[in-house]
2 protein chains.
Amino acid sequence: MKDFLIALEYEGLTSRLKRLSDALLYSTKDLYKSEGLDIEPNWNLIFKLLRDHKEMTITEMSDALQFSHPAIVKIVNKMKKQSYIASYCDKDDKRKQVLSLTKKGYQYMKNLEVYWQNGASVVEDLLVDSPNFLEEITRIEEKINQLNYKQRVLLKLNKE
Amino acid sequence: MKDFLIALEYEGLTSRLKRLSDALLYSTKDLYKSEGLDIEPNWNLIFKLLRDHKEMTITEMSDALQFSHPAIVKIVNKMKKQSYIASYCDKDDKRKQVLSLTKKGYQYMKNLEVYWQNGASVVEDLLVDSPNFLEEITRIEEKINQLNYKQRVLLKLNKE
DNA sequence: CATAGTTATGTAACTGGTTACGCAAATATA
DNA sequence: TATATTTGCGTAACCAGTTACATAACTATG
């Protein structure tokens, strides 16, 4: 059966992006599960952020990833429960929670590297016939950041 | 603050796809809400499917859109509750539910056309500097359909 | 033609995001 | 310095998908 979303062209793109990202997400979860790994999707982002920055707050992470802060809170709390992350209260600003990887976190990260490397290599393979993809999706992200979908549609509607 | 996901290159793509598709999804919902429209994301897909095919079953829709069947069931049930869709039991196969748009459904669809047209036009604008995007994402979808992310990573792991 | 397997659909539980709201701490201002 | 505003973060409720499981109806086969 023909793929209706693809046939829709411009009108199908949003749903295709969701469909593709869901497929990758669930497949990643499935991989972790079948490998018996104690990690969830996007923990890798937090691991890498803290590997590169040593210490960060929730807000800084939410800024760097451009995720809502509750999303970060949820991930971080799970990682704390597994003792991959520790935190202390910033003494200059008591609202802030300063997060960093524990020794256990650093050690566990070593086990994950092989999955990250092969994962990146898979993405590279997926993109090999799509050499402009990364560049072009970056441009789309930039546009959406400047003026979101709703604003753009409203602008068109009001011009009529 | 620099975008960490973009800096991650291959390792950030999956999360960027989700981030982008979520941004579009929530912005679409926001648009519908602020316009007072009685419609949810992806209802448009069902409307269009039934506009083009008159009658379809759950499984046919799930096939055409490549969504899981429970996803279709949920959407269709909501649209039935609003009387945009009616159904009858297939007399040759009593398991099947034959779905079609009601008169109310067709009428309501007319109100939506202007949003669909402008939405498509917005997507066109978003893609104007990304002329290869649609073609290249199609190739990525094809690859994932042939061998999913998990399978690809496992293959690489086992080769080591 | 009885029964084993397959298919269509429904339902439950889960997931990983979001928005909305609240509060305490910090900052700006009158 | 009292008060208004902003900021950091936590929690609740929601949302649109998924997988897993159940059931009834159809199909194929010994």
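Chain naming here is simple, since letters A, B, ... match the order of the sequence lines and numbering starts at 1 in each. All values reported here derive from a predicted model rather than from experimental measurement.
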To the nearest angstrom, how far is [X] atom [atom1] from [N] atom [atom2]?
{"X": "Tyr149(A)", "N": "dT18(C)", "atom1": "OH", "atom2": "C1'", "result": "18 Å"}
{"X": "Gln97(A)", "N": "dT7(D)", "atom1": "CD", "atom2": "P", "result": "20 Å"}
{"X": "Trp43(B)", "N": "dA16(D)", "atom1": "CH2", "atom2": "P", "result": "10 Å"}
{"X": "Asp90(A)", "N": "dC9(D)", "atom1": "CG", "atom2": "C1'", "result": "13 Å"}
{"X": "Lys29(B)", "N": "dT19(C)", "atom1": "NZ", "atom2": "C1'", "result": "10 Å"}
{"X": "Lys94(B)", "N": "dA8(C)", "atom1": "NZ", "atom2": "C1'", "result": "15 Å"}
{"X": "Ile58(A)", "N": "dA25(C)", "atom1": "CD1", "atom2": "C1'", "result": "16 Å"}
{"X": "Met61(A)", "N": "dG16(C)", "atom1": "CE", "atom2": "P", "result": "17 Å"}

With a 6.0 Å cut-off on ring centres, are Tyr106(B) and Tyr84(B) close enough? no
Assess whether one donor atom and one acceptor atom, taken from the side chain of His69(A) and the base of dG10(D), lie less than 3.5 Å apart. yes
Crowding at CD, Glu9(A) (>12 non-hydrogen neighbours, <6.0 Å): no
By the 4.0 Å heavy-atom rule, please label Ser68(A) as base, sugar-phosphate, or nothing. base
Please report the closest heavy-atom contact between Leu49(B) and Met61(B), naming both atoms and the distance. CD1-CG, 3.8 Å
How do Ala71(B) and Asn77(A) order along DNA chain D: which one's closest nucleotide is nearer the 5' end? Asn77(A)
Nucleotide of dC9(D), dT11(C), dA25(C) approaching Lys96(A) most closely (side-chain heavy atoms): dC9(D)
